[in-house]
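Right, one structure below, let's go through it.
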Amino acid sequence: MQPTKNNDAGATKIFRMPATDATSPDLMAAATPSHPTLTIVKGPQMGSTFELADSIVTIGRDPSNTVFLNDMTVSRRHARLDLSGLESGLATIEDLGSLNGTWVDGAIVNRALLKDGSTIQVGTFRMIFHTNRKNVRIETGN
């Protein structure tokens with residue numbers, strides 16, 4: 001007995017997503033924050049954005065932190081952001097002796113400089129840091 005030829009049976013189907021749908025959604029498209037922000041892009045509370053109005057920002061599981069991340073993978077006082085030098089382009093993050101560590105752009109750090117678009121991993125939370133600074137035009141002489 002010869003097998004029946006059926007082009008659809010057992011064939012692998014390929015699904016192609018349009019290029020416009022293949023990227024991460026712009027979670028901040030409708031908002032125009034005036035302060036730096038942390039946006040959760042992976043983990044519990046995904047899509048939440050924290051506007052960072054203070055020059056010192058604490059991150060942790062304790063509700064008294066500026067950025068409260070309610071998950072057991074986060075230490076009570078996990079990390080601290082120093083935004084006091086942001087006008088000159090400097091922002092830093094410091095791990096406060098957390099159990100799971102603080103990761104910046106894929107590397108575990110004790111202390112690190114942050115730039116616009118830096119990825120911060122705290123426990124199961126992956127966040128994107130944005131400075132939200134206005135671009136400054138630099139005039140050059142000819």
Inset, instruction - Output yes when a side-chain donor or acceptor of Gln121 lies under 3.5 Å from a complementary backbone atom of Gly123, and no otherwise. - result: yes

Legend entry - From CG (Asp62) to CZ (Phe68), nearest 0.5 Å: 8.0 Å

Inset, instruction - Taking atom CG of Asn110 as the centre, report whether more than 12 heavy atoms of other residues, nucleotides or ligands fall under 6.0 Å from it. - result: no

Inset, instruction - Could you tell me the separation between the CE atom of Met46 and the OG1 atom of Thr39, rounded to the nearest 0.5 Å? - result: 12.0 Å

Legend entry - Taking every non-hydrogen atom, the tightest pair across Trp103 and Ile108: CE3-N, 3.3 Å

Legend entry - Under 3.5 Å: donor-acceptor pair, side chain of Ser98, backbone of Ser75: no

Legend entry - Main-chain N/O of Thr119 paired with Asp105 side-chain donor or acceptor, under 3.5 Å: yes

Legend entry - Spatial distance of atom OG1 (Thr58) from atom CZ (Arg80) [nearest 0.5 Å]: 9.5 Å

Inset, instruction - Report the distance from atom CG of Leu113 to atom CD1 of Ile93, rounding to the nearest 0.5 Å. - result: 11.5 Å

Legend entry - Passing option when Phe50 is tested against Thr37, Val67, Val57 for side chain to side chain contact (heavy atoms under 4.5 Å, CB included): Val67

Inset, instruction - Quickly, which of Thr49, Leu81, Ile128 forms a side chain to side chain contact (heavy atoms under 4.5 Å, CB included) with Leu38? Name it, please. - result: Leu81

Legend entry - Verdict with supporting geometry, Thr102 and Ile59, side chain to side chain contact (heavy atoms under 4.5 Å, CB included): CA-CA 10 Å; Thr102 300; Ile59 301 170; over 6 Å; no

Inset, instruction - Keeping the roles fixed (side chain from Asp116, backbone from Thr131), state whether a donor-acceptor pair exists under 3.5 Å. - result: yes

Inset, instruction - Check for a donor-acceptor pair, side chain of Asn65 on one end and backbone N or O of Arg76 on the other, with a separation under 3.5 Å. - result: yes

Legend entry - CD1 on Ile40 to CZ on Arg126, rounded to 0.5 Å: 12.5 Å

Inset, instruction - Please report the C-alpha distance between Leu52 and Phe129 in whole Å, then the side-chain angles of each, then the deciding distance to 0.1 Å, and finally whether the side chain to side chain contact (heavy atoms under 4.5 Å, CB included) criterion is met. - result: CA-CA 10 Å; Leu52 312 174; Phe129 173 75; 4.3 Å; yes

Legend entry - Test log, rule side chain to side chain contact (heavy atoms under 4.5 Å, CB included), inputs Glu94 and Asp82: CA-CA 8 Å; Glu94 178 183 3; Asp82 185 350; over 6 Å; no

Inset, instruction - With rounding to the nearest 0.5 Å, note down the distance linking CG in Leu83 to CG in Leu114. - result: 8.0 Å

Inset, instruction - Using modelled atom types only, decide if a donor and an acceptor are shared between the side chain of His78 and the backbone of Gly101 within a distance under 3.5 Å. - result: yes

